[in-house]
Amino acid sequence: MSSNPSVFLLMLNGQIETGDFPEFNDLYVKYNYTFGADWAVTSGLEEGISQVCKRNTYGKGDFIWNFPLEVTFKSTNPYGWPQLVVSVYGPDVFGAAVVRGYGAVHLPISPGSHTSIIPMFVPEASSRFQKFLGWFTGRRPEYVDTNVVARGEGREVTRVRSQGHLKIKFNIVTKDMKKLGYDCTPSEQGTPTSVSSNTMGTRNQGAAAAAVRGTSGATEA
């Protein structure tokens, strides 16, 4: 193995665990990753779709998918750090599949076990008439490119409404980042913390090599 690597690796193993959408039933999740030009997927699935899940009627009334995630990225620099983009779909009163929520979160930058709570949202029609027309025809407002939820450009002209959330578990392993001058290991050891997508979404992609506090089980090859 070369002592002077030219790329570092980011390995993810986790799962889309649960979701909370009180008004709906029979939901499924689509996911994909978006990342910068210097990143590439070396193994695993870049996108996928889960099974249809019914609401848990005996517990909290949430949806339990436990859908696995496994992917490995390589890159030469942390700019454009990968984000997980998720979309939840379910049937309307006419049986047509419509979007029930969009969300996105950066993959954790430090090795170890992490739990993220992703707040979900849906686009809103610009008028009550268009909202009624969309309900009647079964064509609700949707994004043509779901990756728009992971970008800031154009978001200010979109009307959205909060609707549910997803809980996702990440297990992160990095390789050769220290050899390339990036130290992502936590400065303090503690219990794993839950990280919301609002917190992760505000991190600058160029500062993805900064240390994150409050995680455990750090693994750096």
Side-chain angles (χ1 to χ4, degrees), residues 1-18 31-48 66-86 103-119 146-153 155 165-221:
M1 181 180 295
S2 174
S3 59
N4 297 313
S6 58
V7 298
F8 62 82
L9 299 179
L10 172 67
M11 290 162 275
L12 160 66
N13 182 282
Q15 61 183 356
I16 301 174
E17 291 188 338
T18 62
Y31 77 90
N32 68 277
Y33 301 96
T34 179
F35 40 84
D38 294 326
W39 291 76
V41 174
T42 61
S43 66
L45 297 177
E46 191 173 339
E47 59 183 14
N66 288 331
F67 189 73
L69 302 172
E70 187 171 357
V71 67
T72 301
F73 297 92
K74 69 175 181 179
S75 182
T76 56
N77 69 80
Y79 182 79
W81 195 269
Q83 297 184 63
L84 174 67
V85 179
V86 288
V105 63
H106 282 88
L107 301 190
I109 61 178
S110 63
S113 180
H114 308 261
T115 299
S116 293
I117 307 297
I118 306 180
T146 57
N147 289 336
V148 71
V149 304
R151 300 191 294 263
E153 297 83 356
R155 289 286 300 278
H165 67 266
L166 289 180
K167 179 181 178 182
I168 300 183
K169 181 69 173 292
F170 296 105
N171 296 303
I172 299 295
V173 177
T174 60
K175 178 177 174 59
D176 292 333
M177 292 196 70
K178 284 187 176 181
K179 294 181 180 179
L180 292 176
Y182 304 113
D183 187 2
C184 293
T185 56
S187 57
E188 293 181 0
Q189 296 296 323
T191 58
T193 57
S194 296
V195 183
S196 69
S197 65
N198 288 338
T199 303
M200 296 298 294
T202 56
R203 297 184 185 275
N204 187 292
Q205 291 180 337
V212 174
R213 298 178 181 272
T215 57
S216 67
T219 305
E220 166 66 36

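Fair warning: this is a prediction, and the values are worked out from it, not measured in the lab.
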| request: Answer yes or no: is there a donor N or O on one side and an acceptor on the other, between the side chain of Ser116 and the main chain of Ile118, under 3.5 Å? | output: no
| request: Taking all non-hydrogen atoms of both residues into account, name the closest pair between Lys169 and Glu17 and its distance. | output: CB-OE2, 3.5 Å
| said: I need the Lys74 NZ to Asp38 CG distance, nearest 0.5 Å. | reply: 11.5 Å
| said: For the residue pair Thr72 / Thr42, report whether a side-chain donor-acceptor contact shorter than 3.5 Å exists. | reply: no
| task | To the nearest 0.5 angstrom, please state how far the OG1 atom of Thr115 sits from the NZ atom of Lys167. | result | 6.0 Å
| query | Under a 4.5 Å cut-off applied to non-hydrogen side-chain atoms, are Phe170 and Leu107 in contact? | reply | yes
| message | Check for me whether the distance between the ring centres of Phe8 and Trp39 falls short of 6.0 Å. | response | yes
| query | Checking side-chain contact (heavy atoms from CB on, under 4.5 Å) for the pair Asp176/Val7: CA distance, chi angles, key distance, verdict? | reply | CA-CA 7 Å; Asp176 292 333; Val7 298; over 6 Å; no
| field | Side-chain heavy atoms of Tyr182 within contact of Asn77, under 4.5 Å | value | yes
| query | Do the non-hydrogen side-chain atoms of Ile172 and Met11 ever get within less than 4.5 Å of each other? | reply | no
| said: Nearest 0.5 Å, please: how far is CD1 in Ile16 from CG in Leu84? | reply: 6.0 Å
| said: Within the 4.5 Å heavy-atom criterion, are Gln15 and Leu69 side-chain neighbours or not? | reply: no
| Who pairs with Tyr33 by ring pair (Phe, Tyr, Trp, His ring centres under 6.0 Å), at least two apart in sequence or on another chain? | Tyr31, Phe73
| Min side-chain heavy-atom separation Leu166-Ile117 under 4.5 Å | no
| said: Could you measure the distance from the NZ atom of Lys179 to the OG atom of Ser6? Nearest 0.5 Å is fine. | reply: 12.0 Å
| If you take all heavy atoms of Val86 and Ile168, which pair is closest and at what distance? | CG1-CD1, 4.3 Å
| message | Could you check whether any side-chain N or O of Gln83 sits under 3.5 Å from a backbone N or O of Ala150, counting only pairs where one atom can act as donor and the other as acceptor? | response | yes
| message | Treating Asn171 as the side-chain partner and Asn13 as the backbone partner, does any N or O pair qualify as donor plus acceptor under 3.5 Å? | response | yes
| Taking C-beta and beyond as the side chain, do Leu45 and Val71 meet within less than 4.5 Å on heavy atoms? | no
| Would you call Leu10 and Pro82 a side-chain contact if the rule is heavy atoms closer than 4.5 Å? | yes
| Can you find a pair of side-chain heavy atoms, one from Leu180 and one from Thr76, that are under 4.5 Å apart? | no
